[in-house]
K.L.:
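Here you go, one structure.
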Amino acid sequence: MVDKPDAKPLQITEGRVELDDVHFGYDPDREILRGVSLVVPGGQTVAIVGATGSGKSTIGRLLFRFYDVTEGALRIDGQDVRDVTQESLHAAIGVVPQDTVLFNDTIRYNIAYGREGATQAEIEEAAKAAQIHDFITSLPEGYETKVGERGLKLSGGEKQRVGIARTLLKNPPILLLDEATSALDTDTEQDIKDALARAGEGRTVITIAHRLSTIAEADQIVVLEKGEIIERGTHDELLRREGRYAQLWNRQQSDTQAA
Ligand SMILES: Nc1ncnc2c1ncn2[C@@H]1O[C@H](COP(=O)(O)OP(=O)(O)O)[C@@H](O)[C@H]1O
Ligand SMILES: [Mg+2]
C-alpha cells in the first residue's frame, strides 16, 4: 500500500470507527466480507464473534490498511483510511495478537519496543497497568532480565502481559485484540481479561474472541457468518433472541461444565 500524494495525518477526535457497507476479497473471485456495516462510537467496545474463517481478522487487516476494500469504506473519525498517511494510521491502532512475539533481549527492551524513547517510569506504568510489574520486580534482575529463546522462558500469560504493556506504552486511541487470550488456559484467561479491561479504559476497543465469556460485557457484540453480520446487540439482548449467539453461548457453557 502506498500513501496518496495528498494523504494527511489521521486526526483523532473521539476514536470512532465505522465500516460502511464494506466488501472485500483477497481474490477477486471470492468475496470474504459481503457488505459489513458497523459503527463503534469512540471509547466503546465492540466484540466480533463467529466461526473460524468468517472474516473477523480480515476486518482488522482492513483497519490497518494492509488491504483496501473493494467496495464501501472504512473510516476513523470520519476520515477514510485510504486518505490518511499509513504512519499516522498505524500509530493510532494498538494490536494485541494471539501470541506476543518476544525478542531475545531484556524485559525492558521488550516493553519499550512499544514506543521509542519511553522513560523507565513510563515503562513501569505500562507494566503496572498490564499487571506484570510485580512479577518483573520479583525477578533477581528485574527489568534487566533477559527473555526469549536464550533467556527466561515466560508462560503464555506472562508473554501476553508483556504484549499488553508494550501496546499500552504506545498509548493508542484504538485497540485491536485479535484472539488475545485464545492460546491461554481458562484460569490465565480470566486474569488477562482484567488486564485487558484496564487496557481498554478510555479507548475504542475492537475485540475478536473465540471464547464468549471474555466479551460478554462489550457495549456491542456482532456475529459474523460467512462475511456478513447476522446478529448484533448486547450479550443480554442476543441471549434473549435465542439465535446464533445464544446457541454458541449455550454450547460453550456446557463445554466449560463438562471440562
Ligand atoms: N492472505 C489471504 N489470502 C487469501 N485468503 C485469505 C487470506 N487471509 C485469509 N484468507 C481467507 O479469508 C477468510 C477469512 O479469514 P479470516 O478473516 O482470517 O477469518 P477469521 O479471523 O474469522 O478466522 C478465510 O477463508 C481465509 O482462508
Ligand atoms: Mg482470525
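Scope of the values below: all heavy atoms of this structure, side chains included, with no hydrogens, waters or symmetry mates. Indexing begins at 1, ligand by ligand and atom by atom, following the structure's order. A quick note: this is a predicted structure, and the numbers were derived from the prediction, not measured.
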K.L.:
What part of Phe24, side chain, backbone, both or neither, has a heavy atom within less than 4.0 angstrom of ligand 1?
P.N.:
neither

K.L.:
Among the heavy atoms of Arg61, does any lie under 4.0 Å from an atom of ligand 1?
P.N.:
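Yes, Arg61 has heavy atoms under 4.0 Å from ligand 1.
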
K.L.:
Gly50: heavy atom below 4.0 Å from ligand 1, yes or no?
P.N.:
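Outside the 4.0 Å threshold, so no.
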
K.L.:
Given Lys56, Arg30, Lys226, identify the one with the heavy atom nearest to atom 22 (O) of ligand 1.
P.N.:
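Of the listed residues, Lys56 has the closest heavy atom.
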
K.L.:
Would you please classify the geometry between the His235 ring and the Trp249 ring as parallel, tilted or perpendicular, with 30° and 60° separating the classes?
P.N.:
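Perpendicular: the ring planes of Trp249 and His235 meet at over 60°.
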
K.L.:
Let me know which of Glu231, Glu228, Glu225 forms a salt bridge (charged side-chain N to carboxylate O under 4.0 Å, His left out) with Arg244.
P.N.:
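With Arg244 as partner, Glu231, Glu228, Glu225 yield a single salt bridge (charged side-chain N to carboxylate O under 4.0 Å, His left out), made by Glu225.
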
K.L.:
Enumerate the residue pairs fulfilling side-chain hydrogen bond (donor to acceptor under 3.5 Å, both in side chains) with a member in residues 164-177, sequence neighbours excluded, ordered by first and then second residue.
P.N.:
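Checked against side-chain hydrogen bond (donor to acceptor under 3.5 Å, both in side chains) - neighbours excluded - the pairs reaching residues 164-177 are Asn110-Arg166, Asn171-Arg203.
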
K.L.:
With the threshold set strictly below 4.0 angstrom, can you tell me whether any protein non-hydrogen atom sits that near atom 26 (C) of ligand 1?
P.N.:
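Given the 4.0 Å cut-off, atom 26 (C) of ligand 1 does not count as touching protein heavy atoms.
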
K.L.:
If you have a sec, work out which protein heavy atom is nearest atom 9 (C) of ligand 1 and how many Å separate them, to one decimal?
P.N.:
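For atom 9 (C) of ligand 1, the nearest protein heavy atom is Tyr26 CE1, 3.4 Å.
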
K.L.:
Decide yes or no on salt bridge (charged side-chain N to carboxylate O under 4.0 Å, His left out) for Lys146 and Glu141, but give the supporting numbers first.
P.N.:
CA-CA 9 Å; Lys146 289 255 204 236; Glu141 294 182 78; over 6 Å; no

K.L.:
Can you check whether Val22 reaches Leu62 side chain to side chain, under 4.5 Å on heavy atoms?
P.N.:
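They are in side-chain contact.
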
K.L.:
Does the residue Ala51 have a heavy-atom contact with ligand 1, meaning some pair of atoms that are separated by less than 4.0 Å?
P.N.:
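Right, Ala51 reaches ligand 1.
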
K.L.:
Regarding Glu31 and His23, is there a side-chain donor-to-acceptor distance under 3.5 Å anywhere?
P.N.:
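The answer is yes; a qualifying pair exists.
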
K.L.:
Any luck finding a side-chain donor-acceptor pair between Thr13 and Asp77 under 3.5 Å?
P.N.:
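Yes, because at least one side-chain N or O of Thr13 sits under 3.5 Å from a partner of the opposite role on Asp77.
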
K.L.:
List the closest protein heavy-atom neighbour of atom 14 (C) of ligand 1: residue, atom name, distance to the nearest 0.1 Å.
P.N.:
Gly53 O, 3.4 Å

K.L.:
Determine, considering heavy atoms only, which of Asp178, Ile32, Asp27 sits nearest to atom 12 (O) of ligand 1.
P.N.:
Ile32

K.L.:
Relative to the heavy atoms of Thr52, which atoms of ligand 1 are at a distance of less than 4.0 Å?
P.N.:
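Heavy-atom distances to Thr52 below 4.0 Å select 23 (O).
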
K.L.:
Hey, is Arg82 close enough to Asp80 for a salt bridge, meaning N to O under 4.0 Å?
P.N.:
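Yes, this pair counts.
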
K.L.:
How does Thr58 reach ligand 1, if at all, at less than 4.0 Å between non-hydrogen atoms: by side chain, backbone, both, or neither?
P.N.:
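Thr58 to ligand 1: contacts from backbone and side chain alike.
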
K.L.:
Using 30° and 60° as the class limits, which term best fits the ring planes of Phe103 and Tyr109: parallel, tilted or perpendicular?
P.N.:
perpendicular

K.L.:
For Tyr67, counting its heavy atoms only, list the atoms of ligand 1 lying under 4.0 Å from any of them.
P.N.:
1 (N)

K.L.:
Assess Ser57: does it contribute an N, O or S atom lying under 2.8 Å from the Mg ion (ligand 2)?
P.N.:
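Looking at Ser57, which is the residue asked about, there is an N, O or S atom under 2.8 Å from the Mg ion (ligand 2).
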
